[in-house]
Amino acid sequence: MVSRRTRVVAWTLVAAWMLVIFLLSAQPSEASAELSGAGLRVLESIVDALANALGLAGPSAETLDLLHKPLRKLGHLLGYLVLGWLTARATHLTGWARPALVAWLIATGYAATDELHQALVPGRSAEVTDVLLDSVGALIGVWLCVRVTELPSVHGTNSVRHRDQPQRLDRG
């Protein structure tokens, strides 16, 4: 049996990550663009360093501008990948039936409500494609958690390590 403290910590991590997502979505468009621009500058520094080490030219300003939107979308995917993982772990530790499915539904539901929240923020909008991308990120996070931590899958079977072991039949 999993201790109450372990379950509380697991759900606290889920709530904390949801708060991070909420705070990022609450930023007006200028602040959000600045944050993703900072991420783009970090990426530019890494690519420049690699290019210099290889004796190549770094990316052009046009190339960096083209990377801005995909970088923002990658942020959606990764943010909800983390939420999917944390939620899968929490639902499993809580002992819920079909924890992977429940975790994905919670994360996807949160993505939808977060987009609605974002529509209320100056200069921001709600995008169905972002909810879909968030849902895919959550699904990947849940899948990784199931595979890595041996949680039961959506179909009630266990991860690859358990499936590869022969089944024992009780003939008592």
Side-chain angles (χ1 to χ4, degrees), residues 9-92 100 103-119 121-151 153-154 159-161 163-164:
V9 168
W11 283 108
T12 301
L13 290 172
V14 171
W17 193 251
M18 286 177 166
L19 179 62
V20 167
I21 292 170
F22 179 87
L23 293 173
L24 289 171
S25 294
Q27 294 179 326
S29 60
E30 302 83 31
S32 178
E34 179 57 34
L35 182 62
S36 59
L40 191 59
R41 287 188 293 280
V42 168
L43 180 63
E44 178 184 14
S45 298
I46 293 168
V47 171
D48 276 342
L50 288 172
N52 287 336
L54 297 172
L56 303 171
S60 66
E62 294 81 24
T63 300
L64 293 173
D65 285 342
L66 288 173
L67 292 175
H68 191 243
K69 187 170 183 174
L71 182 66
R72 291 180 68 88
K73 299 305 176 185
L74 180 62
H76 274 268
L77 188 84
L78 293 176
Y80 279 87
L81 184 152
V82 172
L83 182 60
W85 177 292
L86 292 172
T87 308
R89 189 82 181 128
T91 56
H92 172 70
W104 178 75
L105 290 172
I106 289 170
T108 298
Y110 188 75
T113 61
D114 186 58
E115 282 300 311
L116 292 175
H117 158 247
Q118 201 168 295
V121 176
R124 304 288 294 269
S125 63
E127 302 290 334
V128 173
T129 55
D130 284 348
V131 175
L132 294 173
L133 188 59
D134 297 342
S135 177
V136 169
L139 185 63
I140 293 168
V142 169
W143 181 82
L144 286 171
C145 187
V146 167
R147 301 303 283 185
V148 172
T149 63
E150 300 183 19
L151 300 183
S153 72
V154 174
S159 71
V160 68
R161 282 182 258 179
R163 264 187 261 134
D164 290 344

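The backbone N or O of Gln27 lies less than 3.5 Å from a partner atom in the side chain of Arg124, making a donor-acceptor pair. A donor-acceptor pair under 3.5 Å is formed between the side chain of Glu115 and the backbone N or O of Glu127. The main-chain N or O of Gly84 is never found under 3.5 Å from a side-chain atom of Trp17 such that the two would form a donor-acceptor pair.
Arg72 pairs by the side-chain hydrogen bond (donor to acceptor under 3.5 Å, both in side chains) definition with Ser32, Ser36, not counting sequence neighbours. Under the side-chain contact (heavy atoms from CB on, under 4.5 Å) criterion, Ser135 pairs with Trp104, Thr108, not counting sequence neighbours. Judged as a side-chain contact (heavy atoms from CB on, under 4.5 Å), and not counting sequence neighbours, the contacts of Ala103 are Thr87, Ala88, Thr91, Val142. For Thr129, the side-chain hydrogen bond (donor to acceptor under 3.5 Å, both in side chains) criterion is met by no residue, not counting sequence neighbours. For Trp11, the ring pair (Phe, Tyr, Trp, His ring centres under 6.0 Å) partners two or more places apart in sequence, or in a different chain, are Trp96. Residues satisfying the side-chain contact (heavy atoms from CB on, under 4.5 Å) criterion with Asp48, sequence neighbours excluded, are Glu44, Pro59.
Heavy atoms only, all atoms of each residue included: Leu86 and Leu13 are closest at CD1-O, 3.8 Å. For the residue pair Asp134 and Ala111, the shortest heavy atom distance occurs at CB-CB, 3.5 Å. When every heavy atom of Ala51 is checked against every heavy atom of Ala57, the shortest pair comes out as CB-O, 3.7 Å. The two atoms that bring Val14 and Ala90 nearest to each other are CG2-CB, 3.9 Å, heavy atoms only.
One distance of note links CG of Leu77 with CD1 of Ile140; it measures 5.0 Å at 0.5 Å rounding. Atom NE2 of His76 is separated from atom CG of Leu71 by 11.0 Å, given to the nearest 0.5 angstrom.
Taking the six-membered ring where the residue is Trp, Tyr110 and Tyr80 present tilted rings, their angle falling between 30° and 60°.
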